[in-house]
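Since the structure comes first, as structure tokens, the remarks are kept for the end.
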Amino acid sequence: MTSRKPLWMSLAILVLAGLMGYYFLSSASGKAAHPFRFGLDLVGGTELVYRADTSKVSDKAEAMNALKDVIERRVNIFGVSEPLVQTEQAGLLSGSKDDRLIVELPGVTDIEEAKRLIGETPTLEFRLLRPEAQQLLASSTNPDALTLDQIFYPAELTGRYLSHAQVEFAGQTSAPVVGLQFTKEGGDLFAKITKENVGKPLAVILDGKLLSSPVIQGEITGGKAQITGNFTADEAKTLVRNLNYGALPVPIALLTSQTIGASLGEGSLTAGVKAGLVGFLALALFLALWYRLPGLIASVALAIYVIISMTLFKLIPVTLTAAGIAGFILSIGMAVDANVLIFERAKEELKRGKNVHDALHEGFRRAWLSIRD
């Protein structure tokens, strides 16, 4: 019974490899539903570096993580394949005095288009009236000159707590308004704010501009709110679209931008593919000459390994970079190492007088410890 297990396992692997090989070869024309994804170093693209203003948030790390999630969500909606979004916090390790957001967009070579993808995202926040604001407004000779910071203070509720937005219409006037649905955490925070500030205005501020400041009539549960601002239908739709793309938890400002050409990347990709083919053929030739039939079988197993790996790269999908391709080529050599250990051990057992079946079985058993390590 035990002798049949390796046979069934081998047949299962061959069937799996055959199916994956058929999928891989049939999609090699570039029109596959799951094409390979390449990094910025291979296909070129745009790199944008932003400075994030975290001076008004208490938890900078959480704010930067939220910013990263929002930007990733936004560029994904625009169809940019496998963007790389990372944050860099100010400190001695980073060598920067600013909190930074780094965005790499493979395949996007128009810097202005890349800026538009990121820069159109609005910053939404809610603020409460400062206790001294009424007296300040009454004593000021030019109330319009007062800033929003002088009149309102942050209510901790920002666009990072927004689940989605949609266009709605006011019951009496039928004017378009923007309906907001907060996340569970945002809904709890909104209920707390409205409960503790009944009778006070709650300012809705978008991109530093006051849209409305309705007076809180009572606690609002359910995590829903509305933005009114004399919108036209098109303006409300545009605002809803931008809010659903993701409202930024903190303001950002562009520091640097650069376009990375694909000429070097294409050369690296071509060289990597050639290196992989040459390495594979050299290994197969060595195995066939040195180990004869077992080496030939090992070469077939190596081909199966390559097919399964490349198919998984397409299906997961895995972003291929120049370093990643080099690592995969190295893994081919590591895969052969197991065969070498088994074959050398089997040769020793054959010299001791054992038959082929027992020698191979002993070779697998004794080489396993080294393979595992």
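- In summary, the side chains of S55 and D53 do present a donor paired with an acceptor at a separation below 3.5 Å, with no hydrogens or angles considered.
- Enclosure of atom CD in E362 by more than 12 non-hydrogen atoms of other residues, nucleotides or ligands within 6.0 angstrom is indicated.
- Salt-bridge check for R127 with E125: passed, with a basic side-chain N closer than 4.0 Å to an acidic carboxylate O.
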side-chain contact (heavy atoms from CB on, under 4.5 Å), that's the test. Do V336 and L287 meet it? Break it down for me. CA-CA 9 Å; V336 172; L287 290 172; 4.0 Å; yes

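- Expressed to the nearest 0.5 Å, how far OG of S213 lies from CG of L128 amounts to 11.5 Å.
- When each of V340, L341, I342 is tested with E344 by the rule side-chain contact (heavy atoms from CB on, under 4.5 Å), just one qualifies, namely V340.
- Using a 4.5 Å heavy-atom threshold, the side chains of V306 and I304 count as separate.
- Going from atom CD of E62 over to atom CG of N65 covers 8.0 Å, rounded to the nearest 0.5 Å.
- Residue T194 holds its OG1 atom at 5.5 Å from CD of E219, rounded to the nearest 0.5 Å.
- Heavy atoms only, all atoms of each residue included: V178 and A236 are closest at CG2-O, 4.2 Å.
- Counting heavy atoms from C-beta on, the side chains of L136 and Q150 come closer than 4.5 Å.
- Evaluated for a side-chain contact (heavy atoms from CB on, under 4.5 Å) with L48, the options L255, L254, I71 yield exactly one hit, L254.
- Counting non-hydrogen atoms of other residues, nucleotides and ligands closer than 6.0 Å to OH of Y153 gives a total above 12.
- Between E349 and R366, some side-chain heavy-atom pair lies under the 4.5 Å cut-off.
- Ion pairing between K192 and D188 fails under the 4.0 Å rule for side-chain N and carboxylate O.
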F280 and S299: CA distance, side-chain angles, deciding distance, side-chain contact (heavy atoms from CB on, under 4.5 Å) verdict: CA-CA 9 Å; F280 179 84; S299 299; 5.5 Å; no

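- Using a 4.5 Å heavy-atom cutoff, the side chains of V49 and L101 are not in contact.
- Side-chain contact check for E88 and Q86: no donor-acceptor pair (N or O, by modelled atom type) lies under 3.5 Å.
- Heavy-atom neighbours of R292 CZ from other residues, nucleotides or ligands within 6.0 Å: at or below the threshold of 12.
- Atoms CD1 and CG, on I252 and L67 in that order, are 6.0 Å from each other to the nearest 0.5 Å.
- Under the 4.0 Å criterion applied to side-chain N and carboxylate O atoms, E348 and K351 are not assigned as salt-bridge partners.
- Remark: L129 CG to L202 CG distance equals 10.5 Å, nearest 0.5 Å.
- With rounding to the nearest 0.5 angstrom, the CZ atom of F182 is 8.5 Å from the CG atom of L189.
- Under the 6.0 Å cut-off for aromatic ring centres, Y161 and F126 do not qualify, their centroids lying 6.0 Å or more apart.
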